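As the structure is a prediction and not an experimental result, all values here were calculated from the model. Per chain, numbering begins at 1; letters A, B, ... match sequence-line order.
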There are 2 protein chains.
Amino acid sequence: MIDTKEKLIDTAERLFADHGYASTSLRQIINKAGVNLAAVHYHFGSKEELLDALVHRKAEAVNRERVERLERLEAEMGGRPLAVEDILHAFFMPTANVAAANPQFVRVMGRIHSEGLMPGIAQKHFHPTAKRFLAALRRALPDLSEAEFAWRVHFMMGAMAHTMCATPFFPVPQDDFHGRMRRLVAFLSAGFRAPAAEH
Amino acid sequence: MIDTKEKLIDTAERLFADHGYASTSLRQIINKAGVNLAAVHYHFGSKEELLDALVHRKAEAVNRERVERLERLEAEMGGRPLAVEDILHAFFMPTANVAAANPQFVRVMGRIHSEGLMPGIAQKHFHPTAKRFLAALRRALPDLSEAEFAWRVHFMMGAMAHTMCATPFFPVPQDDFHGRMRRLVAFLSAGFRAPAAEH
DNA sequence: GTCTATACTGAGATAGAC
DNA sequence: GTCTATCTCAGTATAGAC
(Lines give C-alpha, C1' and ligand atoms only; values in the text may rest on other atoms or scores of the structure.)
Protein backbone atom coordinates (compact mmCIF):
# COMPACT_ATOMS: atom_id res chain seq x y z
CA MET A 1 0.00 0.00 0.00
CA ILE A 2 1.20 3.46 -0.89
CA ASP A 3 0.56 5.05 2.50
CA THR A 4 1.83 2.27 4.73
CA LYS A 5 4.59 4.69 5.60
CA GLU A 6 2.23 7.50 6.63
CA LYS A 7 0.06 5.08 8.55
CA LEU A 8 3.09 3.88 10.48
CA ILE A 9 4.10 7.42 11.35
CA ASP A 10 0.57 8.36 12.41
CA THR A 11 0.21 5.28 14.57
CA ALA A 12 3.64 5.75 16.09
CA GLU A 13 2.83 9.38 16.90
CA ARG A 14 -0.31 8.34 18.78
CA LEU A 15 1.41 5.57 20.68
CA PHE A 16 4.61 7.49 21.43
CA ALA A 17 2.53 10.38 22.75
CA ASP A 18 0.43 8.11 24.95
CA HIS A 19 3.03 5.70 26.28
CA GLY A 20 6.47 7.09 25.45
CA TYR A 21 9.04 6.03 22.91
CA ALA A 22 10.90 3.34 24.83
CA SER A 23 7.74 1.81 26.24
CA THR A 24 6.10 1.49 22.84
CA SER A 25 7.27 -1.61 21.04
CA LEU A 26 7.37 -1.87 17.28
CA ARG A 27 5.04 -4.81 17.64
CA GLN A 28 2.39 -2.60 19.27
CA ILE A 29 2.74 -0.11 16.44
CA ILE A 30 2.46 -2.64 13.64
CA ASN A 31 -0.48 -4.36 15.27
CA LYS A 32 -2.40 -1.10 15.53
CA ALA A 33 -1.39 -0.06 12.03
CA GLY A 34 -2.19 -3.49 10.63
CA VAL A 35 1.10 -4.05 8.87
CA ASN A 36 3.98 -6.43 9.27
CA LEU A 37 6.93 -5.93 11.56
CA ALA A 38 9.47 -5.96 8.77
CA ALA A 39 7.62 -3.16 6.97
CA VAL A 40 8.98 -0.78 9.59
CA HIS A 41 12.51 -1.74 8.78
CA TYR A 42 11.83 -1.66 5.08
CA HIS A 43 10.51 1.90 5.18
CA PHE A 44 12.58 3.39 7.97
CA GLY A 45 15.46 1.07 8.79
CA SER A 46 14.99 1.14 12.55
CA LYS A 47 12.74 2.31 15.36
CA GLU A 48 14.92 5.37 15.81
CA GLU A 49 14.61 6.41 12.18
CA LEU A 50 10.87 6.04 12.42
CA LEU A 51 10.98 8.61 15.19
CA ASP A 52 13.23 10.80 13.05
CA ALA A 53 10.75 10.73 10.19
CA LEU A 54 7.97 11.64 12.61
CA VAL A 55 9.85 14.69 13.89
CA HIS A 56 11.00 15.77 10.44
CA ARG A 57 7.38 15.94 9.24
CA LYS A 58 6.67 18.81 11.65
CA ALA A 59 10.02 20.44 12.31
CA GLU A 60 10.18 22.14 8.94
CA ALA A 61 7.23 24.41 9.65
CA VAL A 62 8.75 25.56 12.93
CA ASN A 63 12.11 26.23 11.36
CA ARG A 64 10.56 28.15 8.48
CA GLU A 65 8.52 30.42 10.76
CA ARG A 66 11.54 31.02 12.97
CA VAL A 67 13.69 32.14 10.07
CA GLU A 68 10.91 34.34 8.67
CA ARG A 69 10.50 36.11 12.00
CA LEU A 70 14.23 36.59 12.43
CA GLU A 71 14.68 37.96 8.94
CA ARG A 72 11.76 40.31 9.41
CA LEU A 73 13.40 41.65 12.59
CA GLU A 74 16.74 42.02 10.87
CA ALA A 75 15.11 43.88 8.00
CA GLU A 76 13.39 46.26 10.43
CA MET A 77 16.62 46.98 12.25
CA GLY A 78 18.76 47.16 9.13
CA GLY A 79 22.22 46.27 10.39
CA ARG A 80 21.75 47.32 14.03
CA PRO A 81 21.79 44.57 16.67
CA LEU A 82 18.40 43.24 17.67
CA ALA A 83 16.96 43.32 21.18
CA VAL A 84 17.37 40.18 23.26
CA GLU A 85 13.63 39.97 23.89
CA ASP A 86 12.82 40.18 20.20
CA ILE A 87 15.25 37.42 19.29
CA LEU A 88 13.95 35.07 21.96
CA HIS A 89 10.38 35.93 21.05
CA ALA A 90 11.02 35.07 17.42
CA PHE A 91 12.57 31.80 18.46
CA PHE A 92 9.98 30.58 20.93
CA MET A 93 6.67 31.73 19.52
CA PRO A 94 6.59 29.43 16.48
CA THR A 95 6.60 26.45 18.83
CA ALA A 96 3.43 27.78 20.41
CA ASN A 97 1.73 27.75 17.03
CA VAL A 98 2.65 24.13 16.44
CA ALA A 99 1.49 23.30 19.93
CA ALA A 100 -1.92 24.80 19.19
CA ALA A 101 -2.31 23.06 15.82
CA ASN A 102 -0.86 19.71 16.80
CA PRO A 103 -0.93 18.85 20.51
CA GLN A 104 -0.15 15.24 19.68
CA PHE A 105 3.21 16.17 18.27
CA VAL A 106 4.14 18.32 21.23
CA ARG A 107 3.36 15.44 23.54
CA VAL A 108 5.78 13.31 21.54
CA MET A 109 8.40 16.03 21.87
CA GLY A 110 7.77 15.96 25.60
CA ARG A 111 8.42 12.24 25.61
CA ILE A 112 11.56 12.74 23.56
CA HIS A 113 12.79 15.20 26.12
CA SER A 114 11.90 13.22 29.20
CA GLU A 115 13.41 10.06 27.76
CA GLY A 116 16.70 11.78 27.04
CA LEU A 117 16.47 11.68 23.26
CA MET A 118 16.36 15.44 22.83
CA PRO A 119 20.04 16.18 22.17
CA GLY A 120 20.17 13.96 19.09
CA ILE A 121 16.82 15.13 17.76
CA ALA A 122 17.60 18.80 18.34
CA GLN A 123 20.98 18.52 16.71
CA LYS A 124 19.51 16.89 13.64
CA HIS A 125 16.29 18.81 13.14
CA PHE A 126 16.60 22.18 14.85
CA HIS A 127 20.23 23.10 15.25
CA PRO A 128 20.93 24.52 11.76
CA THR A 129 18.23 27.13 12.28
CA ALA A 130 19.07 27.71 15.91
CA LYS A 131 22.63 28.66 15.03
CA ARG A 132 21.36 31.77 13.24
CA PHE A 133 19.58 32.82 16.42
CA LEU A 134 22.68 32.30 18.51
CA ALA A 135 24.62 34.58 16.19
CA ALA A 136 21.96 37.27 16.52
CA LEU A 137 21.95 36.86 20.29
CA ARG A 138 25.72 37.20 20.44
CA ARG A 139 25.49 40.47 18.55
CA ALA A 140 22.85 41.68 20.97
CA LEU A 141 25.11 40.95 23.95
CA PRO A 142 28.56 42.14 22.91
CA ASP A 143 29.72 42.89 26.46
CA LEU A 144 29.52 39.32 27.75
CA SER A 145 32.69 37.26 27.65
CA GLU A 146 32.65 34.26 25.33
CA ALA A 147 32.51 31.90 28.30
CA GLU A 148 29.73 33.75 30.06
CA PHE A 149 27.70 33.91 26.86
CA ALA A 150 28.20 30.20 26.20
CA TRP A 151 27.07 29.29 29.69
CA ARG A 152 24.00 31.48 29.49
CA VAL A 153 23.06 29.82 26.23
CA HIS A 154 23.49 26.52 28.02
CA PHE A 155 21.18 27.66 30.84
CA MET A 156 18.64 28.74 28.23
CA MET A 157 18.79 25.34 26.53
CA GLY A 158 17.93 23.65 29.79
CA ALA A 159 15.07 25.96 30.66
CA MET A 160 13.75 25.79 27.10
CA ALA A 161 13.74 22.02 26.73
CA HIS A 162 12.21 21.56 30.14
CA THR A 163 9.55 24.19 29.55
CA MET A 164 8.51 23.42 26.03
CA CYS A 165 8.37 19.72 26.58
CA ALA A 166 8.10 18.64 30.16
CA THR A 167 4.79 18.57 31.94
CA PRO A 168 4.96 20.97 34.84
CA PHE A 169 4.18 19.38 38.17
CA PHE A 170 1.50 21.94 38.92
CA PRO A 171 -1.87 22.42 37.23
CA VAL A 172 -1.71 24.60 34.17
CA PRO A 173 -4.13 25.48 31.37
CA GLN A 174 -3.21 23.05 28.61
CA ASP A 175 -3.61 25.49 25.75
CA ASP A 176 -1.75 28.45 27.24
CA PHE A 177 1.41 27.70 25.38
CA HIS A 178 1.70 31.32 24.23
CA GLY A 179 1.59 32.56 27.80
CA ARG A 180 4.14 30.01 28.86
CA MET A 181 6.51 31.15 26.13
CA ARG A 182 6.02 34.81 27.02
CA ARG A 183 6.94 34.08 30.61
CA LEU A 184 9.96 32.14 29.49
CA VAL A 185 11.16 34.97 27.25
CA ALA A 186 10.85 37.48 30.08
CA PHE A 187 12.77 35.24 32.47
CA LEU A 188 15.56 34.42 30.03
CA SER A 189 15.94 37.98 28.78
CA ALA A 190 16.59 39.18 32.29
CA GLY A 191 19.07 36.36 32.86
CA PHE A 192 20.96 37.17 29.70
CA ARG A 193 21.26 40.79 30.64
CA ALA A 194 22.34 40.14 34.22
CA PRO A 195 25.74 41.47 35.26
CA ALA A 196 28.27 38.66 34.92
CA ALA A 197 29.14 36.83 38.15
CA GLU A 198 32.42 38.07 39.54
CA HIS A 199 35.36 35.65 39.68
CA MET B 1 29.69 -12.53 50.88
CA ILE B 2 28.88 -9.59 53.10
CA ASP B 3 29.99 -6.87 50.69
CA THR B 4 28.53 -8.33 47.50
CA LYS B 5 26.07 -5.48 47.75
CA GLU B 6 28.75 -2.76 48.00
CA LYS B 7 30.77 -4.37 45.23
CA LEU B 8 27.74 -4.34 42.98
CA ILE B 9 27.08 -0.67 43.67
CA ASP B 10 30.72 0.27 43.08
CA THR B 11 30.88 -1.65 39.83
CA ALA B 12 27.58 -0.26 38.66
CA GLU B 13 28.74 3.28 39.44
CA ARG B 14 31.83 2.83 37.27
CA LEU B 15 29.95 1.26 34.39
CA PHE B 16 26.95 3.62 34.53
CA ALA B 17 29.34 6.58 34.50
CA ASP B 18 31.29 5.22 31.54
CA HIS B 19 28.52 3.84 29.36
CA GLY B 20 25.19 5.10 30.70
CA TYR B 21 22.45 3.33 32.59
CA ALA B 22 20.41 1.85 29.77
CA SER B 23 23.49 0.75 27.81
CA THR B 24 24.95 -1.09 30.77
CA SER B 25 23.45 -4.54 31.13
CA LEU B 26 23.19 -6.32 34.43
CA ARG B 27 25.28 -9.04 32.83
CA GLN B 28 28.17 -6.63 32.30
CA ILE B 29 27.95 -5.50 35.90
CA ILE B 30 27.89 -8.99 37.39
CA ASN B 31 30.75 -10.15 35.18
CA LYS B 32 32.94 -7.27 36.30
CA ALA B 33 31.91 -7.67 39.93
CA GLY B 34 32.36 -11.44 39.79
CA VAL B 35 28.94 -12.31 41.13
CA ASN B 36 25.89 -14.05 39.75
CA LEU B 37 23.06 -12.40 37.84
CA ALA B 38 20.44 -13.41 40.35
CA ALA B 39 22.42 -11.78 43.17
CA VAL B 40 21.38 -8.39 41.80
CA HIS B 41 17.76 -9.27 42.10
CA TYR B 42 18.32 -10.79 45.49
CA HIS B 43 19.98 -7.69 46.94
CA PHE B 44 18.15 -4.94 45.08
CA GLY B 45 15.11 -6.40 43.37
CA SER B 46 15.73 -4.80 40.01
CA LYS B 47 18.19 -2.82 37.94
CA GLU B 48 16.32 0.36 38.79
CA GLU B 49 16.58 -0.21 42.53
CA LEU B 50 20.29 -0.83 42.18
CA LEU B 51 20.51 2.66 40.71
CA ASP B 52 18.40 3.98 43.56
CA ALA B 53 20.75 2.51 46.13
CA LEU B 54 23.67 4.07 44.29
CA VAL B 55 22.14 7.54 44.39
CA HIS B 56 20.97 7.23 47.96
CA ARG B 57 24.55 6.56 49.11
CA LYS B 58 25.60 10.09 48.05
CA ALA B 59 22.45 12.17 48.13
CA GLU B 60 22.37 12.39 51.89
CA ALA B 61 25.54 14.47 52.13
CA VAL B 62 24.21 16.97 49.61
CA ASN B 63 20.90 17.27 51.37
CA ARG B 64 22.55 17.72 54.72
CA GLU B 65 24.84 20.51 53.52
CA ARG B 66 21.95 22.23 51.79
CA VAL B 67 19.86 22.29 54.93
CA GLU B 68 22.79 23.46 57.05
CA ARG B 69 23.44 26.39 54.73
CA LEU B 70 19.79 27.33 54.59
CA GLU B 71 19.38 27.21 58.35
CA ARG B 72 22.53 29.28 58.81
CA LEU B 73 21.09 31.91 56.47
CA GLU B 74 17.76 31.87 58.25
CA ALA B 75 19.50 32.27 61.59
CA GLU B 76 21.49 35.24 60.31
CA MET B 77 18.40 36.95 58.98
CA GLY B 78 16.23 36.06 61.93
CA GLY B 79 12.73 36.09 60.49
CA ARG B 80 13.34 38.49 57.60
CA PRO B 81 13.09 37.03 54.06
CA LEU B 82 16.39 35.90 52.54
CA ALA B 83 17.89 37.28 49.35
CA VAL B 84 17.23 35.30 46.18
CA GLU B 85 20.96 35.00 45.46
CA ASP B 86 21.70 33.62 48.89
CA ILE B 87 19.02 30.98 48.66
CA LEU B 88 20.15 29.80 45.26
CA HIS B 89 23.76 29.89 46.37
CA ALA B 90 22.97 27.68 49.36
CA PHE B 91 21.15 25.27 47.12
CA PHE B 92 23.66 24.93 44.31
CA MET B 93 27.03 25.08 46.01
CA PRO B 94 26.82 21.76 47.87
CA THR B 95 26.58 20.00 44.52
CA ALA B 96 29.90 21.56 43.56
CA ASN B 97 31.51 20.03 46.64
CA VAL B 98 30.25 16.57 45.77
CA ALA B 99 31.43 17.12 42.21
CA ALA B 100 34.93 17.84 43.47
CA ALA B 101 35.07 14.89 45.86
CA ASN B 102 33.35 12.36 43.65
CA PRO B 103 33.46 13.03 39.90
CA GLN B 104 32.31 9.47 39.23
CA PHE B 105 29.01 10.06 40.93
CA VAL B 106 28.39 13.32 39.11
CA ARG B 107 28.94 11.56 35.84
CA VAL B 108 26.30 9.04 36.81
CA MET B 109 23.95 11.90 37.63
CA GLY B 110 24.67 13.31 34.20
CA ARG B 111 23.70 9.98 32.66
CA ILE B 112 20.56 9.91 34.77
CA HIS B 113 19.62 13.30 33.44
CA SER B 114 20.44 12.67 29.81
CA GLU B 115 18.60 9.36 29.86
CA GLY B 116 15.47 10.94 31.23
CA LEU B 117 15.57 9.29 34.65
CA MET B 118 15.99 12.52 36.57
CA PRO B 119 12.38 13.27 37.50
CA GLY B 120 11.97 10.02 39.38
CA ILE B 121 15.36 10.22 41.06
CA ALA B 122 14.94 13.86 42.04
CA GLN B 123 11.49 13.25 43.44
CA LYS B 124 12.73 10.38 45.56
CA HIS B 125 16.10 11.62 46.78
CA PHE B 126 16.14 15.42 46.61
CA HIS B 127 12.63 16.75 46.67
CA PRO B 128 11.96 16.72 50.42
CA THR B 129 14.91 19.04 50.97
CA ALA B 130 14.23 21.12 47.87
CA LYS B 131 10.76 21.96 49.15
CA ARG B 132 12.25 23.95 52.00
CA PHE B 133 14.19 26.03 49.51
CA LEU B 134 11.11 26.70 47.43
CA ALA B 135 9.35 27.99 50.51
CA ALA B 136 12.25 30.35 51.26
CA LEU B 137 12.31 31.49 47.64
CA ARG B 138 8.61 32.22 47.70
CA ARG B 139 9.08 34.42 50.76
CA ALA B 140 11.88 36.24 48.99
CA LEU B 141 9.62 36.99 46.00
CA PRO B 142 6.27 37.99 47.51
CA ASP B 143 5.27 40.20 44.58
CA LEU B 144 5.17 37.46 41.97
CA SER B 145 1.82 35.84 41.29
CA GLU B 146 1.52 32.17 42.18
CA ALA B 147 1.52 31.20 38.52
CA GLU B 148 4.49 33.37 37.63
CA PHE B 149 6.46 32.03 40.55
CA ALA B 150 5.61 28.43 39.69
CA TRP B 151 6.73 28.91 36.11
CA ARG B 152 9.98 30.53 37.11
CA VAL B 153 10.70 27.62 39.39
CA HIS B 154 10.01 25.38 36.44
CA PHE B 155 12.47 27.34 34.28
CA MET B 156 15.04 27.04 37.03
CA MET B 157 14.55 23.28 37.23
CA GLY B 158 15.31 22.96 33.55
CA ALA B 159 18.39 25.17 33.65
CA MET B 160 19.61 23.45 36.80
CA ALA B 161 19.27 19.87 35.63
CA HIS B 162 20.83 20.69 32.30
CA THR B 163 23.70 22.60 33.84
CA MET B 164 24.58 20.36 36.73
CA CYS B 165 24.42 17.21 34.71
CA ALA B 166 24.64 17.70 30.98
CA THR B 167 27.97 18.06 29.27
CA PRO B 168 28.06 21.43 27.58
CA PHE B 169 28.79 21.23 23.86
CA PHE B 170 31.70 23.61 24.21
CA PRO B 171 35.08 23.07 25.88
CA VAL B 172 35.05 23.81 29.58
CA PRO B 173 37.48 23.24 32.43
CA GLN B 174 36.30 19.99 34.02
CA ASP B 175 36.83 21.02 37.61
CA ASP B 176 35.30 24.49 37.47
CA PHE B 177 32.04 23.35 38.93
CA HIS B 178 32.04 26.19 41.44
CA GLY B 179 32.35 28.77 38.67
CA ARG B 180 29.60 27.11 36.73
CA MET B 181 27.29 27.26 39.72
CA ARG B 182 28.13 30.91 40.37
CA ARG B 183 27.22 31.78 36.81
CA LEU B 184 24.01 29.83 37.12
CA VAL B 185 23.04 31.60 40.32
CA ALA B 186 23.63 35.02 38.74
CA PHE B 187 21.57 34.11 35.69
CA LEU B 188 18.67 32.65 37.63
CA SER B 189 18.59 35.41 40.23
CA ALA B 190 18.12 37.99 37.50
CA GLY B 191 15.42 35.88 35.88
CA PHE B 192 13.55 35.52 39.15
CA ARG B 193 13.59 39.23 39.74
CA ALA B 194 12.52 40.19 36.23
CA PRO B 195 9.26 42.13 35.88
CA ALA B 196 6.49 39.66 35.10
CA ALA B 197 5.53 39.39 31.44
CA GLU B 198 2.39 41.39 30.72
CA HIS B 199 -0.76 39.52 29.69
C1' DG C 1 9.50 -2.32 -4.99
C1' DT C 2 6.57 -3.79 -1.17
C1' DC C 3 5.58 -6.64 2.23
C1' DT C 4 4.98 -11.39 5.08
C1' DA C 5 6.77 -15.05 7.86
C1' DT C 6 10.09 -16.41 10.69
C1' DA C 7 14.45 -16.70 13.05
C1' DC C 8 18.24 -14.48 15.79
C1' DT C 9 20.46 -12.07 19.73
C1' DG C 10 20.38 -9.99 24.00
C1' DA C 11 17.83 -7.71 27.67
C1' DG C 12 15.57 -8.05 32.59
C1' DA C 13 13.19 -11.11 35.52
C1' DT C 14 12.13 -15.42 38.19
C1' DA C 15 11.59 -20.31 40.32
C1' DG C 16 13.63 -23.50 42.72
C1' DA C 17 17.80 -26.46 43.92
C1' DC C 18 21.59 -26.13 47.02
C1' DG D 1 22.53 -16.24 50.39
C1' DT D 2 23.79 -17.90 46.08
C1' DC D 3 23.53 -20.00 41.56
C1' DT D 4 21.57 -22.65 37.47
C1' DA D 5 18.27 -22.79 34.23
C1' DT D 6 14.65 -20.83 32.02
C1' DC D 7 11.01 -17.35 30.67
C1' DT D 8 9.26 -13.40 28.21
C1' DC D 9 9.79 -9.77 25.29
C1' DA D 10 12.48 -6.32 23.02
C1' DG D 11 14.81 -4.68 18.40
C1' DT D 12 16.84 -6.49 14.41
C1' DA D 13 17.94 -9.35 10.21
C1' DT D 14 16.97 -12.31 6.36
C1' DA D 15 14.52 -15.16 2.83
C1' DG D 16 11.39 -15.12 -0.27
C1' DA D 17 6.22 -14.37 -1.95
C1' DC D 18 3.91 -11.07 -4.86
Side-chain touch B/R132/B/E74, heavy atoms, less than 4.5 angstrom: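 In short, these two side chains touch, coming nearer than 4.5 Å.
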Euclidean distance, atom [atom1] of residue [X] to atom [atom2] of [N] [Å, nearest integer]:
| X | N | atom1 | atom2 | answer |
| --- | --- | --- | --- | --- |
| A/F44 | D/dG11 | CZ | P | 15 Å |
| B/N31 | C/dG10 | CG | C1' | 13 Å |
| A/E6 | C/dC3 | CD | P | 13 Å |
| A/I30 | C/dT2 | CD1 | P | 19 Å |
| B/H43 | C/dA13 | NE2 | P | 16 Å |
| B/E49 | C/dT14 | CD | P | 10 Å |

Candidate pair B/V84 and B/V185, rule side-chain contact (heavy atoms from CB on, under 4.5 Å), full reasoning: CA-CA 9 Å; B/V84 173; B/V185 168; over 6 Å; no
Sugar-phosphate only, base, or nothing, as touched by B/S23 at under 4.0 Å among non-hydrogen atoms: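 Since no nucleic acid heavy atom lies under 4.0 Å of B/S23, the category is nothing.
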Sugar-phosphate, base or nothing in reach of B/V40, heavy atoms under 4.0 Å: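 The answer is nothing, as B/V40 stays clear of every strand by at least 4.0 Å.
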Phosphate OP1/OP2 of C/dT2 contacted by A/T4 side-chain N/O (<4.0 Å):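 Indeed not, no polar side-chain atom of A/T4 lies that close.
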Side-chain N,O (A/Y42) to OP1/OP2 (C/dC3) below 4.0 Å: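 So the side-chain polar atoms of A/Y42 never come under 4.0 Å of the phosphate oxygens OP1 or OP2 of C/dC3.
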Are [X] and [Y] close enough for a salt bridge, meaning some N to O gap below 4.0 Å?
| X | Y | answer |
| --- | --- | --- |
| A/R107 | A/D18 | yes |
| B/E65 | B/R69 | yes |
| B/E68 | B/R64 | no |

Within one Ile-Leu-Val-Met-Phe-Trp-Tyr cluster: B/M157 and A/M164, side-chain cutoff 4.5 Å: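 Same cluster.
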Under 4.0 Å protein heavy-atom contact, by nucleotide of nucleotides 12-18 of chain D - B base, S sugar-phosphate only: B-B----
